[in-house]
*Asks:* 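Here you go, one structure.
Proteins come first, then strands; the chains are lettered A, B, ... in the order of their sequence lines, and each starts at number 1.
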2 protein chains.
Amino acid sequence: MAKAPRKAETSIDATTADLVAVLVAVTEGEPKIMTIATALPSGPFQFGHRSLQTGLRAWVEAQTGHPLGYVEQLYTFADHGRTGDARAPHRISISYLGLTREDQVREDSQAHWSGWYEYFPWEDHRAGTPPLIAKIVAPKLRAWAKSAESTSVQKARSQRAAITFGLDDRAWNEELVLQRYELLYEASLIPEAVRDKRAGEAAVPGRAMISDHRRILATGIARLRAKIKYRPVVFELMPAEFTLLQLQRSVEALAGRTVHKQNFRRLIEQQELVEETGAMAAETVGRPAKLFRFRHGVVAERAVAGTKLPLSRS
Amino acid sequence: MAKAPRKAETSIDATTADLVAVLVAVTEGEPKIMTIATALPSGPFQFGHRSLQTGLRAWVEAQTGHPLGYVEQLYTFADHGRTGDARAPHRISISYLGLTREDQVREDSQAHWSGWYEYFPWEDHRAGTPPLIAKIVAPKLRAWAKSAESTSVQKARSQRAAITFGLDDRAWNEELVLQRYELLYEASLIPEAVRDKRAGEAAVPGRAMISDHRRILATGIARLRAKIKYRPVVFELMPAEFTLLQLQRSVEALAGRTVHKQNFRRLIEQQELVEETGAMAAETVGRPAKLFRFRHGVVAERAVAGTKLPLSRS
DNA sequence: TCCATTATGCTCAGGATAAGTATAATACGA
DNA sequence: TCGTATTATACTTATCCTGAGCATAATGGA
């Protein structure tokens with residue numbers, strides 16, 4: 001490695017690295033995340049940990065009693081501006097996305113599953129655009145845009161608001177979860193922004209979290225919403241056997257919007273990701289559905305080929 | 001944050017975090033990366049740095065004299081197994097992808113641009129599949145697959161080799177850069193694997209790098225190859241004015257494969273990402289081409305909508 | 001003048017996609 | 001027992017996207 005001028009006089013450049021998990025499950029058509037009070041499962045990366053992932057697994061299992069299955073890295077954040085002191089050692093958060101099922105949870109821990117739309121009420125468009133966007137978010141963002149001094153900044157702000165929240169007849173893009181959160185933060189419309197010593201009134205509903213955990217959660221949701229469209233990751237969240245409608249409901253729960261039923265089936269079937277078990281679903285209203293299971297053998301191929309998701313236009 | 005059992009007795013869980021940059025440019029149809037001897041530009045994250053990105057920018061500018069433009073985070077690695085001692089403090093590498101142009105480089109630094117295919121000769125398929133895949137890579141991987149004890153592992157290995165390298169009449173997937181590197185590492189066919197105390201002979205050509213920098217480079221190439229298909233990032237690598245063929249050659253250089261010319265133009269034009277400057281290219285063979293410039297105004301919209309790339313089947 | 005070379009316009013077939021129509025199978029209440 | 005609500009599943013249709021190829025235009029040089 002090449003030498004370079006040192007930026008600080010300090011000789012030890014030690015930082016503390018936290019491992020943070022966004023642990024997701026879908027139960028009865030509702031997406032859930034694992035929380036401990038107002039925090040995500042997390043803990044420091046320690047000497048004893050052989051790797052980042054094993055460290056994360058150790059912490060999550062200790063705190064929630066839940067063994068981690070599928071895991072992928074999300075993003076690494078440094079806390080900027082939280083502590084005003086530039087001399088204080090840095091704290092880094094390395095975040096991960098984990099996918100499981102809600103069962104097999106140890107009940108004696110402080111860990112709980114909670115619906116992720118409690119933290120992001122504006123993200124659930126399954127029953128149409130939620131009213132709070134037109135009633136609260138849009139007007140507040142318009143006011144924020146107007147409050148800029150120069151006309152060009154005003155324009156840029158309102159364009160940004162319109163794009164991220166699908167205002168002015170623009171299409172809603174469900175993947176922009178993080179952009180929407182950051183916009184609300186910058187506009188000081190959520191508790192985290194007020195807490196971090198910005199002016200404002202936290203006008204937009206939705207549960208806040210400790211430090212930057214809600215930002216990390218937004219990152220995880222955005223990643224998952226993007227990924228279900230080209231990788232068969234939904235199956236990590238499904239039980240061993242399921243009907244096609246249950247699969248569809250899970251996808252819709254994650255994407256926060258509805259899907260064309262017939263086309264969804266066609267897509268799933270032509271991908272050859274599932275096979276019939278031969279059994280039928282019991283205890284249903286209406287005509288009983290065939291049960292399917294995931295074809296694990298195809299994953300190796302499909303992990304490469306890609307999977308898509310047909311979102312409705314309306 | 002919830003309490004949890006400590007995994008180690010040590011009370012200080014300090015780690016050292018390195019910032020590593022994969023800095024990319026494309027000059028005359030060749031993709032280049034910034035190197036300092038056999039390393040990527042890098043340096044420790046220090047107290048004085050306000051954020052990870054500013055720290056990275058400081059290091060890269062100090063080491064290369066090159067100001068960083070577009071930057072995005074890639075991945076965070078921890079060195080596992082390099083030092084066998086589990087007690088030694090961890091070293092974390094937070095890697096970034098940066099895009100620029102080769103000009104405006106300070107020439108007195110030790111930093112140099114080098115072609116990225118020198119590090120990954122098997123990744124350049126612009127003139128068809130490179131011969132070294134059939135001559136060296138494929139046979140060595142087959143031998144590695146056969147060397148497994150159980151039949152099931154043998155099958156899994158050869159299937160993995162076939163998928164990642166497009167063997168047995170499978171299609172080449174240019175995005176699997178990291179998977180290919182990791183496969184060669186596991187099969188002990190490259191110098192890094194031999195160095196890290198595995199058996200083997202490093203039979204596959206290609207320049208190695210310090211520590212895990214070549215793995216980081218593979219991560220960066222893979223990310224860039226995926227991203228040019230749905231975000232207009234190519235323009236960060238182009239001069240202010242360019243012909244459509246120059247743009248195409250840059251895309252091909254990055255993707256490592258050719259593109260259908262007419263369809264490429266159709267796609268670019270219908271996306272409305274560029275506009276004519278009115279001038280024509282000078283000093284050409286054949287019919288002179290129109291010069292185009294990137295429409296910066298569209299980025300805000302397009303950053304959302306997505307861009308695609310028409311790869312040829314052949 | 002002919003040819004090599006690059007630019008650019010246009011067509012066409014096949015496949016994917018969104019959306020709608022129609023029919024089948026079940027439970028339940030009047 | 002007969003509708004009716006509800007869900008499952010099979011087809012149809014129109015449109016758009018994509019890969020691929022053909023044709024023509026403009027330039028310089030032999």
*Asks:* Angle class for the A/W113/A/H66 ring planes (parallel below 30°, perpendicular above 60°, tilted otherwise)?
*Replies:* perpendicular
*Asks:* Taking atom P of C/dT17 as reference, at what distance in whole Å does atom CD1 of A/I268 sit?
*Replies:* 12 Å
*Asks:* Can you say whether the rings of A/Y181 and A/F120 are parallel (under 30°), tilted (30 to 60°) or perpendicular (over 60°)?
*Replies:* perpendicular
*Asks:* Report yes or no: is there a donor-acceptor pair, N or O only, under 3.5 Å between the side chain of A/H260 and the base of C/dA19?
*Replies:* yes
*Asks:* Taking A/D168 first and then A/R170, would you say they form a salt bridge - that is, a charged N and a carboxylate O separated by under 4.0 Å?
*Replies:*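 No, A/D168 and A/R170 are not salt-bridged.
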*Asks:* A/L267 has an atom CG; how far is it from atom C1' of C/dA18, in whole Å?
*Replies:* 12 Å
*Asks:* Check this for me: does any side-chain nitrogen of one of A/E252 and A/R257 sit under 4.0 Å from a carboxylate oxygen of the other?
*Replies:* no
*Asks:* When you check every protein heavy atom under 4.0 Å of nucleotides 4-14 of chain D, what one-letter string (B, S, -) results, 5' to 3'?
*Replies:* --BBBBB----
*Asks:* Tell me the interatomic distance from B/L291, atom CG, to C/dT6, atom P, rounded to whole angstroms.
*Replies:*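 Computing the B/L291:CG to C/dT6:P distance gives 17 Å.
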*Asks:* Go through the structure and list residues passing salt bridge (Lys or Arg N to Asp or Glu O under 4.0 Å) with A/R207, not counting sequence neighbours.
*Replies:*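 A/R207: salt bridge (Lys or Arg N to Asp or Glu O under 4.0 Å) contacts with A/E118.
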*Asks:* Mind checking what makes ring-ring contact (aromatic ring centres under 6.0 Å, His included) contact with A/Y119, not counting sequence neighbours?
*Replies:*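 For A/Y119, no residue satisfies ring-ring contact (aromatic ring centres under 6.0 Å, His included) once neighbours in sequence are set aside.
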